[in-house]
There are 2 protein chains.
Amino acid sequence: MPKRVDHEERRSQIAEALVRVAGRRGLHAVGMRDVAAEAGVSLRLVQYYFGTKEKLLLHGLQHLTDRFTARVGARLRAGDAGTGPRATAEALLLTSLPTDEESRTFHLLYTSYAILSVTDEALAAQPFIDNPDAAEDALTGLLRQAQEAGLADPGVDARTEAIGLLAMAAGLGTSILVGQRRPESAAEVLRHHLDRVFTPVTP
Amino acid sequence: MPKRVDHEERRSQIAEALVRVAGRRGLHAVGMRDVAAEAGVSLRLVQYYFGTKEKLLLHGLQHLTDRFTARVGARLRAGDAGTGPRATAEALLLTSLPTDEESRTFHLLYTSYAILSVTDEALAAQPFIDNPDAAEDALTGLLRQAQEAGLADPGVDARTEAIGLLAMAAGLGTSILVGQRRPESAAEVLRHHLDRVFTPVTP
DNA sequence: AGCATAGTGGTACGGTCGTATTACGAAGGA
DNA sequence: TCCTTCGTAATACGACCGTACCACTATGCT
């Protein structure tokens with residue numbers, strides 16, 4: 001046999017090429033030849049490791065979400081999240097905004113996949129439903145935590161508030177993506193709404 | 001010459017066919033032949049009235065936004081909007097949610113166009129930027145109106161609040177679209193947030 | 001040493017897509 | 001009346017896409 005190669009690494013390499021070229025030209029415009037060229041391999045190689053385009057797209061989605069949840073987790077663990085629930089919630093929401101190239105690509109492709117899944121049942125059966133649920137649970141927990149510590153308005157339902165904030169962040173993210181709003185402006189809107197929720201009780 | 005036909009009406013008829021088939025199978029999957037078949041005309045006719053596919057898509061987007069703003073306007077004027085700023089704001093936000101087939105199609109295609117416009121400069125130069133601005137202005141006006149009447153928290157910035165609410169509605173709409181949230185649940189979240197804003201001052 | 005086989009490359013094949021070409025009927029103005 | 005021009009139709013063309021097929025290389029095992 002030829003040099004035994006790490007299949008999983010090669011697949012990741014090709015999947016990242018898919019993400020790059022799709023982030024540049026749009027998911028609808030990416031073909032297998034583009035992915036092959038971007039990864040620096042032959043078309044046959046892409047076929048060899050993924051077989052069909054659908055499987056390539058599915059793996060690309062998986063790769064995308066994995067990388068981004070890792071990034072969000074890292075930013076939450078390290079740095080600016082040590083100063084209480086408010087800071088953690090703010091970091092959680094602001095990190096999901098498309099500010100730099102990587103998060104911009106993530107937003108663009110994640111939304112593309114989501115829209116595609118509406119009319120493509122093979123994509124609809126994919127895993128990326130549990131991810132928002134995890135964020136929802138985390139944010140709800142942070143809000144409850146703040147309420148119990150007297151740092152947030154106890155009169156609001158934590159889960160409802162969390163759902164709304166996440167939806168707002170997603171909507172603002174799309175606005176940034178299409179160039180309708182600047183990242184700083186969106187962050188400001190988000191912080192304003194967080195200010196209204198995280199209001200220390202003054203009895 | 002043959003029977004003089006109303007060009008604008010034919011174009012609308014074809015554009016509506018585009019919207020229907022794109023709403024069913026996704027914007028990425030629609031071809032000129034599909035549009036022709038859906039409209040009950042020949043492929044040549046579609047070419048005759050639109051020339052190129054890009055122009056067809058552009059006109060389809062225009063047609064879509066026109067129809068929907070008309071729908072929202074109608075729902076605001078008639079019916080449940082006569083009872084003050086809160087009811088009007090609620091109607092404005094809830095109407096934009098994908099609850100029935102028409103609004104579902106609108107959301108799907110509008111988001112598809114938006115995502116496409118990120119990587120397609122011909123679509124990025126299109127009009128659909130002023131539409132959200134109009135909604136933003138309207139909602140901001142409603143909030144200011146409520147604040148001056150003592151029906152809303154005077155401590156919030158009306159425009160920031162309006163931006164956040166619209167982004168939230170958009171995000172919730174996408175959640176509904178991908179089947180992650182039920183329409184009633186999303187409406188409940190929106191109403192909850194409206195309750196927090198429209199709080200009568202009790203001096 | 002030699003062979004079976006994982007890895008890689010080049011290329012051909014249907015199919016479909018957007019667009020262009022050609023043709024023809026039908027109506028209204030001269 | 002006729003002829004110009006608008007509307008409609010059928011079909012052809014070239015490009016590209018995903019997939020399949022065939023060929024070759026180089027390695028690890030026996």
Side-chain angles (χ1 to χ4, degrees), chain A residues 1-22 24-61 109 112-113 116 119-123, chain B residues 1-22 24-61 109 112-113 116-117 119-123 126:
Chain A
M1 319 164 183
K3 52 174 177 183
R4 308 297 287 265
V5 116
D6 188 340
H7 271 224
E8 220 47 49
E9 188 185 323
R10 266 255 194 279
R11 287 166 66 93
S12 290
Q13 169 192 347
I14 296 177
E16 271 183 40
L18 163 67
V19 168
R20 276 198 304 274
V21 64
R24 216 182 306 132
R25 297 209 286 264
L27 189 60
H28 67 283
V30 52
M32 308 211 66
R33 287 166 178 84
D34 304 301
V35 175
E38 176 78 21
V41 299
S42 75
L43 168 63
R44 180 67 183 89
L45 257 277
V46 181
Q47 289 187 250
Y48 182 75
Y49 284 105
F50 289 99
T52 174
K53 186 187 185 183
E54 184 180 51
K55 290 178 187 166
L56 172 62
L57 289 181
L58 257 33
H59 191 89
L61 172 58
L109 297 189
S112 299
Y113 277 118
L116 240 44
T119 48
D120 187 306
E121 59 179 37
L123 227 42
Chain B
M1 318 165 183
K3 52 174 178 183
R4 308 296 288 263
V5 114
D6 188 340
H7 271 223
E8 221 46 50
E9 187 185 323
R10 267 254 194 278
R11 287 166 65 91
S12 291
Q13 170 193 345
I14 296 178
E16 271 183 39
L18 163 67
V19 168
R20 276 198 304 273
V21 64
R24 216 181 308 130
R25 296 208 288 263
L27 189 60
H28 67 284
V30 52
M32 310 210 66
R33 287 165 178 84
D34 303 302
V35 176
E38 176 78 20
V41 300
S42 76
L43 168 62
R44 180 68 183 91
L45 257 278
V46 182
Q47 290 186 248
Y48 182 76
Y49 284 105
F50 290 97
T52 174
K53 187 187 183 182
E54 185 178 53
K55 291 178 187 167
L56 171 62
L57 290 181
L58 258 32
H59 192 88
L61 171 58
L109 298 189
S112 299
Y113 278 117
L116 240 45
S117 79
T119 49
D120 187 306
E121 59 179 39
L123 226 43
Q126 268 304 102

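Chain identifiers are assigned alphabetically (A, B, ...) following the order of the sequence lines, protein sequences preceding nucleic acid strands; residue numbering begins at 1 within each chain.
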Quiz item: Judged by atom type as modelled, is there a donor-acceptor pair below 3.5 Å linking the side chain of D120(B) to the main-chain atoms of S117(B)?
Solution: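 It does not hold such a pair.
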Quiz prompt | Under 3.5 Å donor-acceptor, Y49(A) side chain and L56(A) backbone | solution =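 Flag not set: sc Y49(A) to bb L56(A) has no pair under 3.5 Å.
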Take the protein atom [atom1] of [X] and the nucleotide atom [atom2] of [N], then report the distance between them rounded to whole Å.
X	N	atom1	atom2	value
D34(B)	dG15(C)	CG	P	18 Å
M32(A)	dG9(C)	CE	P	15 Å
Q13(A)	dG7(C)	CD	P	14 Å
H28(B)	dT16(C)	NE2	C1'	15 Å
H7(A)	dT5(C)	NE2	C1'	12 Å
L43(A)	dA20(D)	CG	C1'	11 Å
F50(B)	dA20(C)	CZ	P	16 Å
R33(B)	dC13(D)	CZ	C1'	11 Å

Quiz item: Hey, does the side-chain of R44(A) have a donor or acceptor N/O within less than 3.5 Å of a partner on the base of dG7(C)?
Solution: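 No pair found.
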Candidate nucleotides [options], ranked by approach to the side chain of [X] - the nearest:
X	options	answer
Q47(B)	dT19(D), dG7(D), dT19(C)	dT19(C)
Y48(B)	dC6(D), dT8(C), dA9(D)	dC6(D)
K53(A)	dG18(D), dG18(C), dG9(C)	dG18(D)
L45(B)	dT19(C), dT19(D), dA9(D)	dA9(D)

Quiz item: Below 4.0 angstrom from OP1 or OP2 of dT19(C), is there any side-chain N or O of T52(B)?
Solution: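 It does, given that an N or O in the side chain of T52(B) lies less than 4.0 Å from OP1 or OP2 of dT19(C).
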Self-check item: For V46(B) against V41(B), the heavy-atom pair lying closest together
Solution: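 So the two residues come closest at CG2-CG2, 4.1 Å.
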Quiz prompt | Taking every non-hydrogen atom, the tightest pair across V30(B) and D34(B) | solution =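 For V30(B) versus D34(B), the nearest heavy atoms are C-OD2, 3.8 Å.
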Quiz item: With a non-hydrogen cut-off below 4.0 angstrom, is Y49(B) in contact with a base, only sugar-phosphate, or nothing?
Solution: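 If one applies the 4.0 Å heavy-atom cut-off, Y49(B) turns out to touch the sugar-phosphate alone, with no base involved.
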Exercise. Taking atom types as modelled, find out whether R10(B) and Q13(B) have a side-chain donor-acceptor pair closer than 3.5 angstrom.
Key: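 There is such a pair between these side chains.
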